[in-house]
Amino acid sequence: MLSSASRPVARAAVQYQQQANMATLKEIQLRLKSITNIAKITKSMKMIASTKMMRAQRNMDAARVYGSAATAVTKHAGVEAQEGKTDLYIAVSSDRGLCGGVHSAVTKATKKAVAAQEGEGDLVVLGDKCRSQLSRELRENMKMNFNQLGKNVPTFLEASLIVDQILRNTDLKADKTAIVYNKFLSVIAYEPTHLPVVSQSALAAAPKLSTYEMEEGDVLKDLSEFVYASALYWAMAEGHAAEMSSRRTAMDNATKNAGEMIDRLTLSFNRQRQATITNDLVDIITGASAL
């Protein structure tokens, strides 16, 4: 039995332990509620990304028709691969995150390409995500930036307007241009790819171009701009599909991780509550025995 002197100390210790257990249970409850809400959000985002991914894939199939048509023209015309250093790189990303390492892959591929040329080559960046990443090391190379991209599927009109702005920029006189984008491989895989753009001078020097009947005027210039816009539209559509599939995968993994955390916290909460109940029973029995 406890002496009269030690009873207040024991009672204070029990009260302190009960308060600590209650605080711990409350913290676990708050964290459970927070993670449950996050799981609901990530699950909703996964469903939205799944719907957008299907639409992005259909748009990508249409963009591949533009790209294959432009590639076929240059191939039949006998356009030769341009040699020398690339004067301009166009990095294709978007303004939105929460999609894994999609934007980082484009950034790394662009940095690697510029580094291979000893830091030479101008940059045009589509999207704020790559802009913020590339501006840390290649701020001097960056000449133009386009934002408000990635909310909807890319369109040929959007690509044409971007190409028009690039060609109007007097500081960008590029004989050799390459587009850096994520090539869509499957719903779980993508690959950073360089897509060369055929310049007007290379197209004019094609040996078989004379077999095509052309009226006098700016036909060659228009054809070159169409090939340019088709290539950019193709790259933007591929990158958008890769982004949507990566976002779906990221949200699916986040939902699974949240579920695992909820299971662990629920188990911890139940154990803590059971320990609190056991301690209360021990206190009751001990108090009854002391009387």
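- A salt bridge is absent between Glu27 and Arg31; no separation between the charged side-chain nitrogens and carboxylate oxygens falls under 4.0 Å.
- In this view, Lys85 and Glu120 satisfy the salt bridge (charged side-chain N to carboxylate O under 4.0 Å, His left out) rule, not counting sequence neighbours.
- A distance-only check finds no donor-acceptor pair linking the side chain of Thr110 to the backbone of Ala91 [under 3.5 Å].
- Summarising the local packing, CD1 of Ile188 is surrounded by 12 or fewer heavy atoms from other residues, nucleotides or ligands at distances under 6.0 Å.
- In terms of hydrophobic clustering, with Ile, Leu, Val, Met, Phe, Trp and Tyr side chains grouped at heavy-atom distances under 4.5 Å, Leu167 and Val92 are assigned to a common cluster.
- Every residue meeting the salt bridge (charged side-chain N to carboxylate O under 4.0 Å, His left out) condition with Lys46, not counting sequence neighbours, appears here in chain and number order: Asp252.
- For the atom pair CD (Glu243) and CG (Asn182), the distance works out to 9.0 Å, reported to the nearest 0.5 Å.
- A distance-only check finds no donor-acceptor pair linking the side chain of Asp122 to the backbone of Leu88 [under 3.5 Å].
- In this structure, Tyr233 has its ring center under 6.0 Å from that of Tyr66.
- Alongside Leu123, the hydrophobic cluster contains Tyr89, Val106, Val114, Val125, Leu134, Leu138, Met142, Val180 (criterion: ILVMFWY side chains under 4.5 Å).
- Not a single donor-acceptor pair under 3.5 Å links the side chain of Asn147 to the backbone N or O of Gly127.
- In this structure, Ser201 contributes its side chain and Ser199 its backbone to no donor-acceptor pair below 3.5 Å.
- Residue Ile48 belongs to no hydrophobic cluster, having no ILVMFWY side-chain heavy atom closer than 4.5 Å to its own.
- Nearest heavy-atom pair across Ala105 and Tyr190 is CB-CE1, 4.1 Å.
- For the pair Gln117 (side chain) and Thr86 (backbone), a donor-acceptor distance under 3.5 Å is present.
- Through direct or indirect side-chain contacts shorter than 4.5 Å among Ile, Leu, Val, Met, Phe, Trp and Tyr, Val65 is connected to no other residue.
- Expressed to the nearest 0.5 Å, how far CZ of Arg96 lies from NE2 of His240 amounts to 9.0 Å.
- Between Arg58 and Asp61 there is no salt bridge, since none of the side-chain N atoms of the basic residue sits less than 4.0 Å from a carboxylate O of the acidic one.
- Grouping Ile, Leu, Val, Met, Phe, Trp and Tyr residues whose side-chain heavy atoms lie under 4.5 Å apart, directly or via other members, places Met251 in a hydrophobic cluster with Ile41, Met45, Leu98.
- A distance of 5.0 Å separates CD1 in Ile162 from CG in Leu126, rounded to the nearest 0.5 Å.
- Asn145 places no side-chain N or O within 3.5 Å of a backbone atom of Val124 that could act as its donor or acceptor partner.
- Ile166 has its side chain within reach of Ile90: a pair of non-hydrogen atoms, C-beta onward, lies under 4.5 Å apart.
- A distance-only check finds a donor-acceptor pair linking the side chain of Asn141 to the backbone of Gly121 [under 3.5 Å].
- Residue Ala56 comes nearest to Val153 through the heavy atom pair CA-CG1, 4.1 Å, listed as atom of the first residue, atom of the second, then distance.
- From Lys129, atom NZ reaches atom OG of Ser93 across 9.5 Å, with rounding to the nearest 0.5 Å.
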Item to complete: Apply side chain to side chain contact (heavy atoms under 4.5 Å, CB included) to the pair Asp263 and Leu267, showing each step before the final yes or no.
Response: CA-CA 6 Å; Asp263 292 339; Leu267 180 61; over 6 Å; no

Worksheet entry | Verdict with reasoning, Gln200 to Ser224, per side-chain hydrogen bond (donor to acceptor under 3.5 Å, both in side chains) | CA-CA 5 Å; Gln200 183 176 344; Ser224 175; 4.8 Å; no

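- Distance alone, capped at 3.5 Å, is enough to place a donor-acceptor pair between the Ser135 side chain and the Arg131 backbone.
- Scanning both residues, Thr107 and Cys130, for their nearest heavy atoms gives OG1-SG, 3.4 Å.
- Counting all heavy atoms, side chain and backbone alike, Ala229 lies closest to Ala159 at O-CB, 3.8 Å.
- Taking CG of Leu265 as the reference point, atom CG of Leu32 lies at 4.5 Å (rounded to 0.5 Å).
- Remark: side-chain polar atoms of Asn169 are not paired, donor with acceptor, to backbone N or O of Gln165 under 3.5 angstrom.
- Atom NZ of Lys183 has 12 or fewer neighbouring heavy atoms from other residues, nucleotides or ligands inside a 6.0 Å radius.
- Put simply, CE on Met236 and CD1 on Ile179 are 9.5 Å apart, with the number rounded to the nearest 0.5 Å.
- Asp164 contributes no side-chain N or O that, together with a main-chain N or O of Ser160, makes up a donor-acceptor pair within less than 3.5 Å.
- We find that Arg64 and Glu238 are joined by a salt bridge, their nearest charged nitrogen and carboxylate oxygen being less than 4.0 Å apart.
- In terms of hydrophobic clustering, with Ile, Leu, Val, Met, Phe, Trp and Tyr side chains grouped at heavy-atom distances under 4.5 Å, Ile28 and Met261 are assigned to a common cluster.
- Looking at every heavy atom in both residues, Gly97 comes nearest to Arg247 through O-NH2, 2.8 Å.
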